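From a predicted model like this one, the values you see are computed outputs, not experimental measurements.
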Amino acid sequence: MLAFAALIALSPKATDYSKPALLSSSRACAPGRRFLVGLEFKIKPGWHVYWHNPGDSGQEIRVKWSLPAGWQAGPLMWPTPEVMLDTGFVNYGYEKQVTLLCWITPASRKGTIRANLDWLVCDKEMCLPGKRVVSLPIPTANASVTAIAAALERVPQPLRGQADARLAGKTVTLRVELPKGAKATEFMPFDPAVIHNSARQNVSTVGDSAVFKLDRSEYFDPKRARLRGIVVGQGASPHSSFFNEIDVPLERTSGG
């Protein structure tokens with residue numbers, strides 16, 4: 001029995017490789033005045049956690065809030081993920097560190113925010129499921145404006161220009177109008193089984209627009225009516241990046 005207990009104690013756990021914590025953008029709060037809460041994961045080198053569309057495998061971070069009476073939580077905001085290649089598969093996720101964001105609207109000056117977490121952390125050899133409840137008392141000393149501001153910079157913003165998407169046969173063509181001097185490099189779908197994640201994305205520039213030629217997923221739902229995701233690229237100024245969210249009708253053309 002002692003040997004069995006020791007074996008359990010030595011078994012790897014998700015929290016050995018990915019540690020979650022709650023952060024706040026404000027040390028105190030006032031009823032009706034919303035503030036940002038960050039769900040931070042610190043991840044050991046070589047390991048990763050997953051975006052809300054994990055890609056070809058994996059499981060997204062799942063969050064269930066437990067709030068004081070009358071408090072409200074907005075939708076979870078996900079920073080733009082990284083594209084991770086592994087033996088022919090493509091996943092979308094985060095390495096080293098990520099902070100998911102949520103607007104919280106309090107109904108009182110004091111309370112404890114709790115997040116019930118369910119996630120998967122993986123390296124190239126194995127995956128470990130994690131479950132944990134993390135909490136944040138308000139007022140708090142755990143305010144981290146810097147980490148939350150950095151995460152906000154990677155949260156995708158709505159596209160300002162025009163966009164359209166067409167399906168013809170096995171090819172999805174996405175056209176996105178970009179600011180002068182900007183260059184698109186990647187499209188990340190919000191929904192699984194839309195494009196073939198590991199297929200090469202053919203991106204060209206036509207006038208002021210980026211045109212993506214994307215291979216349709218073999219598991220594509222023929223009833224799908226919209227194309228949603230993030231267009232990632234380089235801005236017009238040096239060392240700048242953009243992350244634009246698109247949600248457009250997916251039109252059918254001949255052969256679609």
Asp208 atom CG, over 12 foreign heavy atoms within 6.0 Å: no
Heavy atoms from other residues, nucleotides or ligands near CD of Gln97 exceed 12 (cutoff 6.0 Å): yes
Main-chain N/O of Thr80 paired with Arg154 side-chain donor or acceptor, under 3.5 Å: yes
Asp56 side chain vs Val90 backbone, donor-acceptor pair below 3.5 Å: yes
With heavy-atom distances below 4.5 Å as the criterion, would you say the side chains of [X] and [Y] are in contact?
| X | Y | result |
| --- | --- | --- |
| Leu36 | Leu152 | yes |
| Ile113 | Leu67 | yes |
| Cys122 | Leu120 | yes |

Distance in Å, Leu22 CG paired with Cys102 SG, rounded so as to fall on 0.5 Å steps: 10.0 Å
Geometric class of the Trp78/Tyr94 ring pair [parallel <30°, tilted 30-60°, perpendicular >60°]: parallel
Parallel, tilted or perpendicular, as decided by the 30° and 60° cut-offs, for the rings of Tyr17 and Trp47: parallel
Nearest atoms (heavy-atom pairs only) where Arg252 meets Pro222: NH2-O, 2.8 Å
Result of checking Arg166, Lys213, Glu251 against Thr173 for side chain to side chain donor-acceptor pair (under 3.5 Å): Lys213
